[in-house]
Amino acid sequence: MASIQNTALKLSSLLKAAGISKFALSLTESEKRELNTEHVNFSLYRTLFDRSASVTAYLDGRKGSASGNDLTDEGLLQLVEDAKAGALSSGPDEANDIAPRQEPQVFEHGPLNPDMEGFYDRLAELIDTVSKEYPLIRLGQIIGSHTRTHRLYLNSNGTCFEKLDGRYDAMLEFAGNDGDRTTGLAYGSVTISGLKKPILEYGSLRRQLSETEKSLTTVPVGDKFEGTVIFTPDALGQFIWMLLDNYVSDGVIMNGTSRWLKCLGEQVVSPKLTLRMVTEDPRLAVTSSYTGDGYRAEDVTILDQGVLRSFLLNLYAAKKTGQAVTKNDGSRLIMEPGDTALSDMIRRVSRGLIVGGFSGGEPGVNGEFSGVAKNSFYVENGEVKGAVMETMISGNLTDVFSNVTAVSKELVSDGTFAFPWMAAEGVTVSGK
Amino acid sequence: MLKDIITPQKALFADGMQTVLRGHENRSRRVVLLKGNLVQNGRSSSRGISARVTKNGRYGFSSAASYTEEDAQAVLRAATENAAFLDARAQSAGRSYPALAGTKALPLRPIVDVEQKRFIDLCHTVDEYVVAHCPKLTSRTVVYTEDSQDKIIVSSDAASGHVSYPRCYLYVMMTAESKAGVPVELFKAFGGGGSFEDHFIDLEPLYRGVDELYGRLMDKAEGVWAEAGVKTVILGGMMGGMLAHEAVGHTVEADLVLGGSVAGPNLHKRVASDLVTLVDYAHTAFGETVPLPVYLDDEGTLAQDVTLIQNGILTGYMNNRETAQHFGMTPAGNARAWTYADEPLIRMRNTAILPGKDSLSDMIASIDDGYYLIDSSNGQADLTGEFMFGVSLGYEIKKGKLGRALLDTTVSGIAFEMLKTVDMVSDRVTWSSSGFCGKKQPMPVGMAGPEMRLKISIGGR
């Protein structure tokens with residue numbers, strides 16, 4: 001089989017022979033080994049060999065893309081023809097462009113060769129520990145995988161990046177069950193770069209298991225009230241993604257519906273919040289090396305003590321709106337910790353919830369959200385009273401991130417992000 | 001369509017193993033016009049082979065991203081090794097599953113390749129119509145999307161066959177400003193199972209749909225917040241279908257029953273009023289082919305309908321071969337995989353609540369103070385049947401007549417409690433099929449429901 005570099009050269013030649021002098025291409029090869037358990041028994045072992053190619057052709061400002069996994073000579077030719085046909089079918093747009101030339105670079109990160117015997121033992125240990133230490137947890141599925149990926153990006157300006165990386169992932173699906181009562185389904189996942197520690201010692205896994213057991217006993221919230229919500233790192237992650245989608249992403253900036261359209265450099269949320277997209281960080285097991293547009297990735301601060309410093313724009317959106325391109329895809333996010341201990345945050349709540357997850361739709365462009373508080377606990381006079389059921393939270397994204405009363409000292413990383421707990425007041429809580 | 005290099009490999013299946021070899025191609029096409037700008041214009045395809053080998057109930061699986069006889073043999077070897085890896089470490093004895101009925105002729109829906117230019121032209125044509133006829137919009141997006149699966153499935157001890165699943169849709173999304181200056185949105189999907197020419201030659205029905213969508217968005221721009229609390233509502237057919245899928249369907253997938261879902265202790269018990277019957281249809285419902293027909297699943301099981309709730313009583317689960325044996329039920333073709341690299345999981349197909357005898361007009365007239373909730377932007381539910389649906393389109397009902405439109409709100413509840421309050425069911429169903437269900441892998445699914453009068457908790461603002 002041809003190497004990824006040879007396939008790139010072949011595609012490059014085919015594109016030039018087809019009269020396409022401006023192009024970008026990306027190639028991926030991966031090997032994934034995945035162990036699956038169902039209800040504490042190992043049930044499935046998968047080995048997946050994958051590869052794919054993607055080509056974007058530019059002809060007089062027109063752009064067409066094609067991707068596929070047939071990397072034979074005929075398959076590559078078909079990709080080039082499809083991309084060219086797509087470009088010829090579209091209209092010219094001067095915002096269609098590729099990244100400028102940058103120095104070629106090869107990146108390598110993480111364990112490239114899996115230890116599947118060792119990983120099997122770590123997963124078996126996890127099942128054993130959960131059954132001994134969390135007797136009210138019913139494990140559904142556990143998926144443990146090692147993935148080795150080799151990627152290559154090349155464009156006609158001479159930029160060429162290659163990345164080899166390896167990672168272990170573990171995902172747990174579980175519920176609390178005491179024979180009579182069951183909780184909702186809970187999920188926990190971590191991405192790790194080695195097998196030195198038990199899997200359960202990473203991320204929020206132990207806390208999630210413990211809280212799910214406690215969720216079997218619920219307390220009524222009663223009426224509707226406006227209170228303080230403490231978002232766990234997992235729930236905060238959900239809300240941060242909604243915030244980015246609604247206010248700084250490509251689509252809302254290009255169509256002009258973002259309420260932060262003219263707010264660069266202005267205070268848009270609480271000064272307690274600093275949110276960064278990083279390329280690498282010791283708290284994370286994965287790195288970001290180059291963007292889908294072919295830019296060498298850089299650290300980007302989105303919110304600096306509440307001030308909006310950057311949108312999240314790809315090259316097309318940047319050119320379309322006259323803004324700067326964001327040299328980071330935003331996949332590695334860190335919210336900086338605050339100065340309040342989690343226990344103190346809880347103690348200061350007169351009435352509210354600790355929200356472990358949000359089951360609701362993406363808010364509309366107005367930022368209004370409303371949904372069910374999952375894996376959540378009722379707090380009154382600084383004490384956690386018990387888990388809640390059929391309880392909704394609603395409010396506005398901007399208000400939530402503006403009305404922050406505390407950010408925790410503690411930071412949790414699942415290997416792909418790192419977030420603290422965040423307390424915000426003025427959230428509407430509706431019990432049944 | 002795939003050339004059959006899979007069937008001859010059956011001679012290489014190992015003795016004493018239950019094996020399924022699958023050749024599988026996915027294709028997708030996508031064009032996005034954002035305010036008239038072509039922001040996406042792509043097509044992709046992926047083709048490969050997978051093998052699943054079962055030894056004493058333990059599965060080995062392997063896939064390769066290419067489609068040759070050598071690849072078929074390589075994945076068979078790797079899957080066999082993986083099954084042996086697990087079997088050697090197993091703490092308990094496993095067991096094999098009973099053999100199933102063999103192959104029969106299956107309908108093969110053609111996957112028609114259409115040049116990309118026609119998708120772009122369609123999007124521009126519809127976008128121009130929107131610009132000309134919907135003057136008060138602040139933003140608009142038109143999306144053409146198409147996906148298909150083409151599979152050749154060969155099994156050692158069940159059925160084998162060649163099946164295909166094409167579908168295509170055009171989405172129109174509109175944004176306007178409410179009287180308070182806040183953005184309001186609505187979208188609608190046009191299309192269904194089949195290929196481009198099945199749906200997008202005569203555009204008049206689509207234009208009528210765009211006109212209706214715009215009219216409703218203008219209503220919504222003048223809309224009011226729903227009053228929070230438990231209300232009598234008419235849940236529209238689209239929302240009834242979502243309820244059938246999200247809040248009930250997932251709880252009766254047998255793997256999730258084993259995971260502790262609320263359906264476990266409720267089998268053969270009342271979970272809904274006797275007006276509610278829920279069926280997961282394989283390929284034919286109400287005398288017609290359903291939007292996304294399934295004839296053969298990826299374990300080699302010939303597809304049949306599964307009645308999940310009969311007149312309010314929970315009667316069955318959706319199974320794969322393993323869970324069917326566990327529960328003493330019959331596998332009915334619910335084990336499906338999205339790409340060649342995916343193992344089959346228990347998935348819904350075309351899940352519908354059956355129609356009743358009431359007319360929608362009688363149902364509206366019967367409500368003094370409530371809501372008619374027509375469409376949903378999203379929905380989620382969990383193992384307890386606790387659900388939340390975003391309501392993107394709805395109207396007040398006052399003294400038996402429709403009133404003002406609603407701004408975005410949510411409804412929530414516990415499915416098996418809420419369904420017991422159903423006391424009127426309309427005489428028609430509305431199908432939708434454009435979405436993907438997410439459960440480790442995406443999967444196209446159809447869903448349908450009638451209008452139902454019931455009591456539900458509505459979130460207000």
Side-chain angles (χ1 to χ4, degrees), chain A residues 38-39 41-52 54 63-70 82 85-86 88-91 93 120 138 140-141 143 173 175 177 182-185 224 251 254-257 316 320 359-362 364-366 368 370-372 374 389-390 392 394 428 430 432, chain B residues 34-35 37-39 41-48 58-66 78 82-83 85-86 89-90 92 115-117 120 138-139 141 175 182-185 228 255 258-262 341 343 377-378 380 382-384 386 388 390 408-410 412-414 440 457 459 461:
Chain A
E38 287 281 355
H39 322 300
N41 296 312
F42 284 89
S43 57
L44 168 67
Y45 182 10
R46 304 200 305 153
T47 306
L48 314 175
F49 302 96
D50 219 338
R51 59 186 191 177
S52 63
S54 169
K63 174 181 167 184
S65 300
S67 62
N69 69 351
D70 181 355
D82 282 351
L88 290 172
S89 304
S90 70
D93 187 336
Y120 181 99
R138 185 182 288 197
Q141 193 176 40
I143 303 172
E173 176 191 276
N177 190 297
T182 188
T183 68
L185 205 55
K224 179 174 173 176
M254 274 200 294
N255 68 19
T257 53
Y316 178 83
K320 205 74 191 168
S359 175
E362 181 97 349
V365 285
N366 53 27
E368 295 287 327
S370 177
V372 179
K374 308 297 292 185
M389 186 85 177
E390 290 194 76
M392 298 188 74
S394 56
T428 301
S430 319
K432 191 174 179 183
Chain B
L34 174 63
K35 273 186 160 176
N37 295 305
L38 183 66
V39 295
N41 173 25
R43 47 207 284 137
S44 71
S45 63
S46 69
R47 188 168 61 168
R58 284 169 270 274
Y59 302 111
F61 184 95
S62 182
S63 68
S66 44
N82 287 350
F85 178 96
L86 291 186
R89 288 160 180 76
S92 58
E115 60 178 352
Q116 194 83 359
K117 184 173 187 310
I120 297 171
T138 54
S139 183
T141 305
T175 308
V182 176
V184 290
E185 301 165 297
D255 51 343
L258 288 168
S261 90
V262 67
E343 77 280 19
S377 49
N378 54 77
Q380 293 183 19
D382 70 15
L383 285 184
T384 63
E386 183 178 17
M388 186 292 310
D408 288 340
T409 187
T410 52
S412 62
I414 306 287
K440 191 178 178 189
S457 180
R461 189 183 182 189

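Residue numbers start from 1 in every chain, and the chains themselves are labelled A, B, ... in the order their sequence lines are given, proteins ahead of strands.
For the options Val184(B), Ile120(B), Val262(B), heavy-atom pairs under 4.5 Å to chain A are most numerous at Ile120(B). Heavy-atom pairs under 4.5 Å with chain B peak, among Gly251(A), Ala175(A), Ser65(A), at Ser65(A). Contacts with chain A were tallied for Ala90(B), Gly60(B), Ala341(B), Ala83(B); Ala341(B) has the most, counting heavy-atom pairs under 4.5 Å. Of the residues considered (Ala78(B), Ser139(B), Ala64(B)), Ser139(B) shows the highest number of contacts with chain A, using heavy-atom pairs under 4.5 Å. Interface summary for chain A: among Thr175(B), Thr141(B), Val39(B), the most heavy-atom pairs under 4.5 angstrom belong to Val39(B). Of the listed residues Arg58(B), Arg43(B), Lys35(B), the one with more heavy-atom pairs under 4.5 angstrom with chain A than any other is Arg43(B).
A heavy-atom distance below 4.5 Å is found between the side chains of Lys440(B) and Ile143(A). Looking at heavy atoms from C-beta onward, Val372(A) lies in side-chain contact with Glu386(B) at the 4.5 angstrom threshold. Contact annotation: the side chain of Met254(A) approaches that of Leu34(B) to within less than 4.5 Å [non-hydrogen atoms, C-beta and beyond]. Looking at Gln116(B) and Ser90(A), their side chains never come closer than 4.5 Å, going by heavy atoms from C-beta outward. Side-chain contact check for Glu185(B) versus Thr257(A): every heavy-atom pair is 4.5 Å or farther apart.
Between Ser63(B) and Leu48(A) the shortest heavy-atom distance is OG-CD2, 3.2 Å. Summarising the geometry of Asp382(B) relative to Leu185(A), their closest heavy-atom pair is CB-N, 4.1 Å, with the distance given to 0.1 Å. Among all heavy-atom pairs drawn from Leu38(B) and Tyr316(A), the shortest one is O-OH, 3.9 Å.
Judged by distance alone, the side chain of Ser370(A) and the main-chain N or O of Thr409(B) form no donor-acceptor pair under 3.5 Å.
Contact of Leu258(B) with chain A is made through backbone and side chain together, with heavy-atom distances under 4.5 Å. For chain A, the nearby parts of Ser45(B) are the backbone and the side chain; heavy atoms of each come within less than 4.5 Å. For Ser54(A), no part lies under 4.5 angstrom from a heavy atom of chain B. Glu115(B) does not touch chain A: none of its heavy atoms, backbone or side chain, sits under 4.5 Å away.
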*Report the C-alpha separation of Ser412(B) and Met392(A) in whole Å, then their side-chain angles, then the decisive distance to 0.1 Å, and conclude whether the side chain to side chain contact (heavy atoms under 4.5 Å, CB included) test is met.*
CA-CA 8 Å; Ser412(B) 62; Met392(A) 298 188 74; 3.3 Å; yes
*Let me see the working for Lys63(A) and Asn41(B) under side chain to side chain contact (heavy atoms under 4.5 Å, CB included), right down to the final yes or no.*
CA-CA 8 Å; Lys63(A) 174 181 167 184; Asn41(B) 173 25; 5.9 Å; no
*asked:* Please evaluate residues Phe42(A) and Arg89(B) with respect to the criterion side chain to side chain contact (heavy atoms under 4.5 Å, CB included), reporting the C-alpha separation (whole Å), side-chain torsions for both, the decisive distance (0.1 Å), and the verdict.
replied: CA-CA 9 Å; Phe42(A) 284 89; Arg89(B) 288 160 180 76; over 6 Å; no
*What's the verdict on side chain to side chain contact (heavy atoms under 4.5 Å, CB included) for Tyr120(A) and Leu86(B), showing C-alpha distance, side-chain angles and the deciding distance?*
CA-CA 10 Å; Tyr120(A) 181 99; Leu86(B) 291 186; 4.1 Å; yes
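Listed by chain and residue number, Asp121(B) satisfy the salt bridge (Lys or Arg N to Asp or Glu O under 4.0 Å) test with Lys117(B) (two or more places apart in sequence, or in another chain).
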